[in-house]
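Computed from a predicted model, the values in this text were never measured in an experiment. Residue numbers begin at 1 in each chain, while the letters A, B, ... track the order of the sequences.
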There are 2 protein chains.
Amino acid sequence: MPFSNVAERREQPPALAVSTVIFSLRDDERTGRKSLWLPLVRRTREPFRGQWALPGGPLGPRDSLLDAAANNLRDTTGLVPRYLEQLYAFGDLDRSPTRRMVSIVYWALVREDDPHGTATSVLVDDPNVAWFRADDPEVLGNLAFDHRQIIEYALWRLRNKVEYGSIAHRLLGERFTLAQVREVYEAVLDRALDPANFRRTLRSTPDIEETGEFLSGGKHRPPRLYRYTGSTTHPLESENIS
Amino acid sequence: MPFSNVAERREQPPALAVSTVIFSLRDDERTGRKSLWLPLVRRTREPFRGQWALPGGPLGPRDSLLDAAANNLRDTTGLVPRYLEQLYAFGDLDRSPTRRMVSIVYWALVREDDPHGTATSVLVDDPNVAWFRADDPEVLGNLAFDHRQIIEYALWRLRNKVEYGSIAHRLLGERFTLAQVREVYEAVLDRALDPANFRRTLRSTPDIEETGEFLSGGKHRPPRLYRYTGSTTHPLESENIS
DNA sequence: CTTAGTTCTGGTCAGAATGACACTAACTGG
DNA sequence: CCAGTTAGTGTCATTCTGACCAGAACTAAG
């Protein structure tokens, strides 16, 4: 027991940490559609030893918030997303049972099959890192700290922030088909969308243009590949990993 | 000179502070419409002594982030908004020339004529507190720290976040006329809106209902008073001041 | 008391955006 | 070459939006 009473613990200066919520699209046999998954790490120390938690760690004196989040994510899971966006700063007094902690949480959408090994290269054979469905109540109910609320807030933000073109290209990378974009929206909104109408609205935005190429290798008619061009978001809303 | 070199300063643990950006609607003779103003405080210490800065201060070990922001705002300006919303956490290494500083910034819209003296009671006769136009380049160009970027980001968020009904009621309080709501939107979007069309869209939302009362004392036809009912926003997006 | 001035409020109309859905095009696998 | 599946186009009715007209309701001036 590191501190004898609550009053003493509360006089400790607040500690600063960063965490990350990484969403990825994966097939879901249950619905037939794709759904959102996220990586968690098993805690090896008290408090909450053995329970699942968001990747994260302390903020070093020489790291910017973004660097700290990205480095920590890479070290614990092997993931290197292209962008991280700041989600929220959590600072309630009772977040951690041991000491006062302020966590600045970043989040991202990553693609499952990234050429840089972005999303799939979660440290293979490490039993302390695993992917879970983002809305699995079994998992959410047993997370460390207030990480359940953090994930639920990230999901809420995601669903309330969906704008055509701006979210999907971060998940899908350089070139993508319109059906892939639609899969992202269907997973986030958790409902089926009309392919024809979705295509119409997407094509009407100036931020998405044809590449002239087609995606071959599929089982059916090969779809066109598109590219995202646009600086829709504010710089702070989507920071590039150095 | 508190530290002999950069390397030494950077080994200091990051300090945690909170700041607030408070927007209020005020008459603007230049446009004839209302526009956004915000309170600034003059710094009495180095660094940036004598320059204007956002209200703010260190995070105490016993204050939640929200409490720290609200208390600090009250102590320095006398302002007590009903709600504060978290804007962003700023943590670049070179934000402050003296030591590593992470600032968690809250923001709010307040009404000018609040019955609790919310917005007008800025410590009278204190020459170190004053209101400025939020887009005055003269002022923005001479702020302390990175406070210019913070204000510009807050304005960007405000303009990109305007949804009917959810923003205005925080600025206007319990009961309001539709013209008052329109003034808010005109100030935020910086353009005139058609009164009749604005009324139509606003009435079509379920979150705004008639009170049956009218606002008397005006110079012309007395307008109906309306009330906001709805929990549109996520709890974290609009935290109540205790 | 009358009238001018201003705002509030409801209405119309044309054009744009949206949802439902039929239909054609293009590929793979047997 | 045919069946099956996905890609992509076109159409139609409905809803939403912006521009604008006009009457209602009040105050202030004379």
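First and last contacting nucleotides of DNA chain C toward chain A (any atom under 4.0 angstrom from a heavy atom, 5' to 3' order): dT18(C) to dT28(C).
Every residue meeting the ring pair (Phe, Tyr, Trp, His ring centres under 6.0 Å) condition with Y88(A), not counting sequence neighbours, appears here in chain and number order: F90(A), Y153(A). Residues satisfying the side chain to side chain contact (heavy atoms under 4.5 Å, CB included) criterion with Q51(A), sequence neighbours excluded, are F48(A). For D135(B), the side chain to side chain donor-acceptor pair (under 3.5 Å) partners two or more places apart in sequence, or in a different chain, are R133(B). Under the rule for a side chain to side chain contact (heavy atoms under 4.5 Å, CB included), the partners of A192(B) that lie at least two apart in sequence or sit in another chain are R33(B), E186(B). Under the side chain to side chain contact (heavy atoms under 4.5 Å, CB included) criterion, T211(A) pairs with R175(A), E213(A), L225(A), R227(A), not counting sequence neighbours. Scanning for side chain to side chain donor-acceptor pair (under 3.5 Å) contacts around S19(B) gives an empty result, with sequence neighbours left out. Residues meeting the side chain to side chain donor-acceptor pair (under 3.5 Å) test with S64(B), sequence neighbours left out: D67(B). Evaluation of the side chain to side chain donor-acceptor pair (under 3.5 Å) rule for D146(B) yields R95(B) as partners, not counting sequence neighbours. For P55(A), the side chain to side chain contact (heavy atoms under 4.5 Å, CB included) partners are T20(A), V41(A), L73(A), T76(A), T77(A), not counting sequence neighbours.
Remark on the helix from dC1(C)-dG30(D) to dG30(C)-dC1(D): inter-end axis angle 10°, axes from five-pair C1' superpositions, rounded to 10°.
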* Summary of protein contacts for nucleotides 2-10 of chain D, nucleotide by nucleotide, where a base hit scores B, a sugar-phosphate-only hit scores S (4.0 Å, heavy atoms) -> --BBBBSBB
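Distance, L202(B) CG to dC16(D) P: 15 Å, rounded to whole Å.
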* To do: Begin with the C-alpha distance, continue with both residues' side-chain angles, and end with the deciding distance and a verdict on ring-ring contact (aromatic ring centres under 6.0 Å, His included) for F176(A) and Y226(A).
  => CA-CA 5 Å; F176(A) 45 81; Y226(A) 294 84; 7.1 Å; no
